[in-house]
> 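Let me begin by handing over the structure; questions about it come next.
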Amino acid sequence: MVYFLAKTDPDTYSIDQFASEHHTVWDGIANAQALRSIRAMSPGDRVFIYHSAISSGKGQPGIVGLAAVASPSRDEPDDPKLAVIDFEFLRKLEPPTTLHEIKASGLFSNWALVKQSRLSTMPAPDAFVKWMRARYPGLV
DNA sequence: GCCAACGTTGGC
DNA sequence: GCCAACGTTGGC
């Protein structure tokens with residue numbers, strides 16, 4: 001089981017919307033590097049859901065929940081260069097783990113989340129998963 | 001609201 | 001194929 005991280009602008013699609021819908025099609029990814037992560041996902045993989053700071057004004061950027069990959073990725077019908085995938089809501093992570101805390105830990109300064117702020121979808125390294133398990137007992 | 005990073009587009 | 005101009009993302 002592989003862990004990934006996917007960003008969303010909470011004003012566009014928030015963790016609470018996702019929690020109430022329970023299933024969602026994760027679309028709107030256009031960046032080639034992010035698409036590679038989407039295509040690398042398999043059913044059962046886990047995805048940390050991250051709220052970016054964009055246009056919200058309130059709340060800090062950070063990880064707010066966990067999803068499970070619920071389908072293989074597939075081409076976007078209108079544009080086969082793009083890909084979409086289904087996510088199933090698993091849980092919110094409260095309190096959130098902020099980008100500030102991730103940076104302040106000093107453990108993940110080589111991770112794309114820290115080094116490449118504009119990347120929206122990426123794998124999560126094993127060390128980060130371990131670190132998160134210590135913060136949220138029972139996280140699977 | 002501003003700006004840095006960086007991806008994309010289009011003229012040559 | 002290069003690169004300047006431009007657009008977008010996301011942190012602050």
Side-chain angles (χ1 to χ4, degrees):
Chain A
M1 181 165 67
V2 184
Y3 279 76
F4 294 85
L5 180 144
K7 294 181 182 177
T8 181
D9 172 1
D11 285 349
T12 304
Y13 190 77
S14 71
I15 190 68
D16 288 327
Q17 280 174 264
F18 185 25
S20 65
E21 294 176 2
H22 231 262
H23 284 84
T24 193
V25 178
W26 206 260
D27 57 11
I29 310 291
N31 174 276
Q33 205 180 338
L35 286 167
R36 245 175 279 134
S37 286
I38 295 286
R39 291 200 167 94
M41 293 177 186
S42 304
D45 286 349
R46 297 293 190 253
V47 186
F48 290 113
I49 303 297
Y50 177 100
H51 276 178
S52 69
I54 291 264
S55 68
S56 77
K58 50 202 173 282
Q60 288 196 64
I63 293 169
V64 293
L66 186 71
V69 177
S71 76
S73 66
R74 55 189 181 276
D75 289 349
E76 163 79 54
D78 296 334
D79 187 350
K81 287 194 295 294
L82 308 184
V84 302
I85 197 163
D86 296 340
F87 285 172
E88 177 192 4
F89 177 82
L90 289 183
R91 57 179 284 191
K92 290 177 76 168
L93 295 177
E94 294 173 308
T97 293
T98 64
L99 177 61
H100 175 79
E101 290 172 303
I102 293 167
K103 285 180 174 171
S105 77
L107 298 170
F108 310 109
S109 48
N110 284 326
W111 189 19
L113 184 71
V114 175
K115 275 211 305 203
Q116 220 180 321
S117 68
R118 289 184 52 200
L119 185 63
S120 68
T121 316
M122 68 200 76
D126 289 346
F128 180 73
V129 176
K130 276 195 189 134
W131 188 76
M132 288 294 278
R133 284 196 176 119
R135 296 174 62 91
Y136 303 96
L139 183 83
V140 282

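Naming: A, B, ... by sequence-line order, numbering from 1 per chain. Just the heavy atoms: all of them, side chains too, but no hydrogens, waters or symmetry mates, feed the values below.
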> Once side-chain contact (heavy atoms from CB on, under 4.5 Å) is applied, do any residues pair with A:Thr12, and if so which ones, sequence neighbours excluded?
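A:Thr12 satisfies side-chain contact (heavy atoms from CB on, under 4.5 Å) with A:Asp9 only.
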
> Give the rounded distance in Å between these two atoms: CD1 of A:Ile102 and C1' of C:dG11.
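So the two atoms are 13 Å apart, to the nearest Å.
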
> Please check if the side chain of A:Arg46 supplies one atom and the backbone of A:Gly44 the other of a donor-acceptor pair under 3.5 Å.
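Yes; at least one donor-acceptor contact below 3.5 Å.
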
> Specify the separation, in whole Å, of atom CG of A:Leu99 and atom P of C:dT9.
18 Å

> Quick one: list whatever passes side-chain contact (heavy atoms from CB on, under 4.5 Å) with A:Ala112, sequence neighbours left out.
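If we apply the side-chain contact (heavy atoms from CB on, under 4.5 Å) test to A:Ala112, skipping adjacent residues, the hits are A:Gln116, A:Leu119, A:Met122.
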
> Excluding sequence neighbours, so at least two apart, what forms salt bridge (charged side-chain N to carboxylate O under 4.0 Å, His left out) with A:Asp86?
A:Arg74

> Without decimals, in angstroms, what is the distance between A:Asp9 CG and C:dG10 P?
8 Å

> Distances for protein N/O vs nucleotides 2-7 of chain B N/O pairs under 3.5 angstrom?
| unit_1 | atom_1 | unit_2 | atom_2 | d |
| --- | --- | --- | --- | --- |
| B:dA5 | N3 | A:Arg118 | NH1 | 3.1 |
| B:dC6 | O4' | A:Arg118 | NH1 | 3.0 |
| B:dC6 | O2 | A:Arg118 | NH1 | 2.2 |

> To the nearest Å, give me how far apart NE2 (A:His51) and P (C:dG11) are.
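Between P of C:dG11 and NE2 of A:His51: 12 Å.
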
> Kindly calculate the angle separating the two end axes of the helix from B:dG1-C:dC12 to B:dC12-C:dG1, each obtained from five base pairs, and round it to 10 degrees.
10°

> A:Met122 has an atom CE; how far is it from atom P of C:dT9, in whole Å?
15 Å

> Could you pull out all residues at least two apart from A:Asp78 that satisfy side-chain contact (heavy atoms from CB on, under 4.5 Å)?
A:Glu76

> Could you check how far CD1 of A:Ile29 sits from C1' of C:dG10, rounded to whole Å?
14 Å

> Are the side chain of A:Thr8 and the backbone of A:Pro10 linked by a donor-acceptor contact shorter than 3.5 Å?
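Side chain of A:Thr8 to backbone of A:Pro10, a donor-acceptor pair under 3.5 Å: no, none is there.
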
> Under a plain distance cut-off of 3.5 Å, with no hydrogens placed, do A:Thr97 and A:Tyr136 share a side-chain donor-acceptor pair?
yes

> Is it true that atom CG of A:Asp126 has more than 12 heavy atoms of other residues, nucleotides or ligands lying nearer than 6.0 Å?
no

> Between A:Trp111 and A:Pro123, what is the shortest heavy-atom contact and its length?
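So the two residues come closest at NE1-O, 2.9 Å.
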
> With respect to the phosphate group of C:dC12, does any side-chain polar atom (N or O) of A:Lys103 fall under 4.0 Å of OP1 or OP2?
yes

> I need the CD1-P distance between A:Ile63 and C:dG11, as an integer number of Å.
12 Å

> Could you state the CG-P distance from A:Leu82 to B:dT8, rounded to the nearest angstrom?
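Result: 11 Å.
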
> May I ask you to verify if any side-chain N or O of A:Tyr50 is less than 4.0 angstrom from the OP1 or OP2 atom of C:dT9?
no

